[in-house]
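Here's the structure, in structure tokens; my notes come after.
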Amino acid sequence: MTTFRSDLIQTLTARGFMHQCTDLEGLDAKAAKETVTGYIGFDATADSLHVGSLLPIMMLRWMQKTGHRPIALMGGGTTKIGDPSGKEESRQLLDDATINSNIASIQSIFDKFLTFGTGAKDAVIVNNADWLDGLQYIPFLRDIGRHFTINRMLTMESVKVRLEREQPLTFLEFNYMILQGYDFVELFKRHKCTLQLGGSDQWGNIVQGVDLGRRIAEAELFGFTSPLITTASGAKMGKTAAGAVWLKAERLAPYGYYQFWRNTEDADVGRFLKLFTDLPLDEIAKLEALAGAEINDAKKVLALEATTLLHGRAAAEEAAETARRTFEQGGIGDDLPTVEVPANEFGAGMAIWALLARAGLAASNSEARRLIKGGGAKMNDQKIDDEGLLVTAATAVDGVIKLSAGKKRIALVRIV
RNA sequence: GGAGGGGUGGCCGAGCGGUCAAUGGCAGCAGACUGUAAAUCUGCCGACUUCACGUCUACGAAGGUUCGAAUCCUUCCCCCUCCA
């Protein structure tokens, strides 16, 4: 393996963050002798990010840990327009208030991974609405638009793919790479930012920004992309039975987050440890070497470390303990998802399917019934055979009824 | 503006007057096997009803023809291709 002079590039490449770089040697040399400011853009369409954003966040984290300055760019301006790349349905347009509250909410996630402040190496959050909102069309076209040729833009992968598949590409989308390129130059001017990182799908946009910087600001800018992370089975990362894996505890409790990592496929463990934890590489190498059922120990480490980064050590350990008690001892952990149901609602008995739905283990009563028919439902570890089973408050053990849907989805009903 | 093609369940994609809640694939859920893994096999997979081949809602939208329409007709909306 090639050795790099800078900690930054050495770390990013060794841990598997590297996919493409506009000038790897140049960037390495620069990072070895001075503090580099680099940024990644994030969308502000929701009040939380999900694991898909974790990889870029980790890149910013490593930037800071290796002595450089990360910028998280919130797409406040671009979100306002609504990125149409989601194919058909045009995204709902958000107003300023929503966008700003989303940004504030997302910042609390960044706080877990980065140190913010006003110092030379402190991370900052910037909103591109600051400069995009005030843009005037004609001056923008004259100053910026003239540096982009349609010829070149048509060769961009993202554009080519759309054209080849005969899928619509709106003028608005077509302009995205220009706006993103402009963002880069603005950040260079305002914050001396000379590096943009992003997912491999951002390559084209990033390169445009690098070129634009050279043309209008005589700046030497760098682009660096990370590979698209899929699971070993080829699926996109980040989906579970419960839906998206959110990074906000309000949307996905630490226990759920822990379980997401705990259920990683064997073949992914080593890669994920490098990407999503801070563990030293030699330690990861040892964990990765575990074979057979022992690989589960590595998964526990992965889950614990990843959860610690986001939710803190205490919450992570609590989640780990709940998982241990629940799965290894068949008991009940404190951290399991719990639904409170008033005792009087049980009356003479509540239908078991209604209870399953209430506990969030089934999306509807019908789904709960199907689950029972399929033999996947359990109450207090007893398989439920009778669909018409009525549950009374007396079923509870210590005021709690344990419900399971399959082996992994477990919820508690606490009678109050 | 002209000519042609198309809009079907989370996605892709059949169906082209009845037996269509709609073939198939993917995704998802559950069961078996396991290691809270993968692969494989099996079942489920619109919603609602204390579940019966019952009710409701669905095949871009609105009307119409028919005993009966996703399937035929009319109008409208949207997308694609070619021409101007």
Which residue pairs pass the salt bridge (Lys or Arg N to Asp or Glu O under 4.0 Å) test when at least one of the two sits in residues 337-347 of chain A, sequence neighbours left out?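 Every pair satisfying salt bridge (Lys or Arg N to Asp or Glu O under 4.0 Å) with a residue in residues 337-347 of chain A: A/E345-A/R358.
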Output field: ring centroids A/F184/A/Y39 closer than 6.0 Å: yes
Validation row, ring centre A/F276 to ring centre A/W261 under 6.0 Å: yes
By salt bridge (Lys or Arg N to Asp or Glu O under 4.0 Å) - contacts of [X] (at least two apart):
X      : answer
A/D211 : A/R152, A/R214
A/K408 : none
A/E328 : A/K300
A/R414 : none

Between [M] and [N], how far apart are the [atom1] atoms? Round to whole Å, please.
N      : M      : atom1 : answer
B/rA22 : B/rG15 : C1'   : 8 Å
B/rA61 : B/rC78 : C1'   : 10 Å
B/rU19 : B/rG54 : P     : 13 Å
B/rC77 : B/rA27 : P     : 39 Å
B/rU55 : B/rA21 : C1'   : 13 Å
B/rA84 : B/rG24 : P     : 46 Å
B/rU57 : B/rA52 : P     : 23 Å
B/rC83 : B/rG13 : P     : 25 Å

With a cut-off of 3.5 Å and sequence neighbours excluded, list every side-chain donor-acceptor pair involving residues 393-402 of chain A.
from, atom 1, to, atom 2, distance (Å)
A/T395, OG1, A/T392, N, 3.3
A/T395, OG1, A/T392, O, 2.8
A/K402, NZ, A/G330, O, 3.4
A/K402, NZ, A/G331, O, 3.0
A/K402, NZ, A/D381, OD1, 3.0

Do A/R324 and A/E321 meet the salt-bridge criterion of a basic N to acidic O distance under 4.0 Å?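 Yes, A/E321 and A/R324 are salt-bridged.
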Are A/D7 and A/K65 close enough for a salt bridge, meaning some N to O gap below 4.0 Å?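 A salt bridge is absent here (no side-chain N lies under 4.0 Å from a carboxylate O).
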Whole-Å gap separating C1' (B/rA30) and CD1 (A/I384): 13 Å
For a quick check, with a 4.0 angstrom heavy-atom cut-off, what is the B/S/- contact string for nucleotides 42-51 of chain B, read 5' to 3'? --SS-SBSSB
Of all of residues 315-329 of chain A, which get a heavy atom below 4.0 angstrom from RNA chain B, listed by number?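 Heavy-atom contacts with RNA chain B come from A/A323, A/F327.
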Run the side-chain hydrogen bond (donor to acceptor under 3.5 Å, both in side chains) test against A/S105 and tell me which residues pass, sequence neighbours left out.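 Partners of A/S105 under the side-chain hydrogen bond (donor to acceptor under 3.5 Å, both in side chains) test: A/K248.
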Are any protein N/O atoms closer than 3.5 Å to N/O atoms in nucleotides 32-35 of chain B? If there are, list each pair with its distance.
from, atom 1, to, atom 2, distance (Å)
B/rU34, O4, A/K407, NZ, 2.3
B/rG35, O6, A/D266, OD2, 3.3
B/rG35, N1, A/D266, OD1, 3.3
B/rG35, N1, A/D266, OD2, 2.5
B/rG35, N2, A/D266, OD1, 2.5
B/rG35, N2, A/D266, OD2, 3.4
B/rG35, N2, A/K299, NZ, 3.1
B/rG35, N3, A/N296, ND2, 3.4

Each base of RNA chain B marked ( ) or [ ] if paired in-strand (Watson-Crick or G-U under 3.5 Å), | if paired to another strand and . if unpaired gives ((((((((.[[[..)..(.....]]].(((((.......))))).(((.....)))...[[[[[..)....]]]]]))))))).
Could you pull out every donor-acceptor pair under 3.5 Å between side chains of residues 313-320 of chain A and any protein atom, sequence neighbours left out?
from, atom 1, to, atom 2, distance (Å)
A/R313, NE, A/E317, OE2, 3.4
A/R313, NH1, A/E305, OE2, 3.4
A/R313, NH1, A/T308, OG1, 3.4

Measuring from atom CD1 of A/I71 to atom CG of A/L197, what distance do you get when rounded to the nearest 0.5 angstrom? 11.0 Å
